[in-house]
Amino acid sequence: MILQPVTHEGYNLFHDGMQALSEMEANGIRIDTEYLGRAKEECKAKIAELKVSLLADDVYTKWRRRFGQDTNLGSREQLGEVIFDILKYSCKVHTPSGRPSMDDEVLQTIKLLFVKNYMEAERWKKALNTYLRGIEREVCNGYLHPFFNLHITMTYRSSSDSPNFQNIPIRRPEIAKLIRMAFIPRGSNRQIVEFDFKGIEVSVAACYNHDLVLIEYVSDPIKDMHGDMGRQCYIVTRKQMTKLIRYATKNGFVFPEFYGNWYKAVAKDLWTKITELKLETADGVPLKEHLRKQGIRGLGKCDPEEDVVPDTFEYHIKEVEDDFWHRRFKIYDQWKRDWNNAYLEKGYFDTLTGFRCSAMMDRKQCVNFPIQGSAFHCLLWSLIRVQKLLHKYNMKSFIIGQIHDSMIMDVLQRELKDVMDIVRQVTMIDLTKHWKWIIVPMRVECEAAPPGRSWYEKKEIEWE
DNA sequence: CAACAAAGCGCG
DNA sequence: AAAGCGCGCTTTGTTG
């Protein structure tokens, strides 16, 4: 990939950005190495415990009978043979190379205690091998110094490695706790603080496509896109709406649709989420039961080869998708066509932040790349500016990391209010003044751990 | 033995 | 017509 800043704006951003990021790398993140040792033991114990259940299982006996000395619990290929050849489950999904797909989604459909324990063990193995050991390997005098690269990605985002600081577990609370407890501030009078841009990719998308409906959604705090789509997707009223339904819709419908997914996959995922998250209406009716009462007879085949059948969830979501792109966000929809056509015509496009993308891109990449990149550039610009101000005021707080739309700091307790003022000024005011193309407000959230406590313990705090 | 591809999974 | 955007890391299994 060739780095192509096409304006002074773009060039300066990455010039200053590299300096800011390397200073951040040098600062490093303090690691509780004693905790890390305990966590590893705890994690190994958990894995051993799960392994005992696996070895005692009938399924393992069959596995062992087939593979003998070659039996390897880490081999999903072997597990696939056990499940599909010996136990006669039917394999519905294959990988691109034609082998049976054995990922988490497939395994969830196999209702066996053995498989449930297997998946659980795999998650703890990932925690141990990738994270606990990965961190331990790179720790130096009690500090971690992950790299933050600005010359890697197609989209002009950053990346991070050795270890990757941008994929530390957070979604499963148990695993998140195990890993994030290792990330601590530099002293008992200091605290880990994280500032996040809220929904910045959607906001930046609105700046590209100028869709009036989308602009209103991201500008008016009263309006709630995920809530509105939640009511439509799951056919619930305002009164029946819950936070969990909204959450399922945000991750199962809105983001996938923005990234270019289509209704067959979306419907399936939204349907799975009902049982996964045990969704029910605010008055306590299980969501599948509720949908049945609304005339939905089932999910539907969701098979690309087959026509959609009326009264299925698949059919319903197809209608929601049509409405989404052809009525609600029709300007966004038109922008995608125009943007792609301009790219096909010229062979490149330029981002609002001054970078040129001239690689081979399909339609989805072409409309997603500029948004993803520019959203990160908002973070990067802010980070540079915040770091400058911290120096200017001789403050003792540092920036220690960055995750695409958030920055993580090690803050001296008595500086917290000032740090918050600086970040708020930079991200919500200076940034939108600096780039004229930002035509929507930028919202940033602040989360802080108590003094001396780990990254895991961060909690939202109000700006006041 | 090293190098590589495929599959899977962690995050935004 | 195809059918989710971007990364990094680990393990398995193959190849030479």
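This structure is a prediction, so every number in the text was calculated from the model and none was measured. Every chain is numbered from 1, with letters handed out A, B, ... down the list of sequences.
- Checked against C:dG6, B:dG10, C:dT10, the side chain of A:N167 finds its nearest nucleotide in B:dG10.
- The distance between atom CG of A:D161 and atom C1' of C:dC9, rounded to the nearest whole Å, is 10 Å.
- When the C1' atom is compared between C:dA1 and B:dC9, the two are found 30 Å apart, to the nearest whole Å.
- Look at A:E122 and A:R76 and you find a salt bridge, because one of the NZ, NE, NH1 or NH2 atoms lies within 4.0 Å of a carboxylate O, short of that distance.
- Listed nucleotides: C:dG6, C:dG4, C:dT12. Nearest to the side chain of A:T153: C:dG6.
- Taking atom CH2 on A:W124 and atom C1' on B:dG8, their separation rounds to 19 Å, with Å as the unit.
- Nearest to the side chain of A:Q78, among C:dG4, C:dG13, C:dG6, sits C:dG13.
- The side chain of A:N72 sits closest to C:dG13 out of C:dG4, C:dG13, B:dC11.
- Taken from OH in A:Y60 to CG in A:L55, the straight-line distance is 5.0 Å, to the nearest 0.5 Å.
- Aromatic ring centres of A:H226 and A:Y217 lie farther apart than the 6.0 Å criterion allows.
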Query raised in the report: Do A:W124 and A:E120 pass the side-chain hydrogen bond (donor to acceptor under 3.5 Å, both in side chains) test, and can you show the C-alpha distance, the side-chain angles, and the key distance before you say yes or no?
Result: CA-CA 7 Å; A:W124 290 95; A:E120 187 68 6; 3.0 Å; yes
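- Annotation: the span from A:K264 atom NZ to A:L299 atom CG amounts to 10.0 Å, rounded to 0.5 Å.
- Between the CZ atom of A:F255 and the C1' atom of B:dG12 there is a distance of 10 Å, given to the nearest Å.
- Side chain A:R157 to base B:dG12: a donor-acceptor pair is found below 3.5 Å.
- Taking the side chain of A:T130 as heavy atoms from C-beta on, and the options C:dC5, B:dG12, C:dC9, the nearest nucleotide is C:dC9.
- Proximity of residues 79-106 of chain A to DNA chain C (heavy atom under 4.0 angstrom from any strand atom) is not detected for any residue.
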Requested in this report: Using a 3.5 Å limit on both pairing distances, list the dot-bracket string of DNA chain C from the 5' end; Watson-Crick and G-U wobble pairs count, crossing pairs take [ ], interstrand pairs take |.
Outcome: ....||||||||||||
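- Figure legend: cation-pi geometry between A:K346 and A:Y348, with NZ or CZ positioned under 6.0 Å from the six-membered ring centre and within 45° of its axis.
- Under the ring pair (Phe, Tyr, Trp, His ring centres under 6.0 Å) criterion, A:W455 pairs with A:F165, A:F183, sequence neighbours left out.
- Judged by atom type and distance alone, A:K126 reaches the base of B:dC9 through a side-chain donor-acceptor pair under 3.5 Å.
- For the atom pair A:F114 CZ and A:K62 NZ, the distance stands at 11.0 Å (nearest 0.5 Å).
- Ring-to-base geometry places A:W262 in a stacked arrangement with C:dA3 (centre distance under 5.5 Å, plane angle under 30°).
- Note that CZ of A:R99 and NE2 of A:H94 are 11.0 Å apart. Values are rounded to the nearest 0.5 Å.
- Checking C:dC9, C:dG13, B:dG10 against the side-chain heavy atoms of A:P169 singles out B:dG10 as nearest.
- A:E305 places its CD atom 12 Å from the C1' atom of C:dA3, with the value rounded to the nearest Å.
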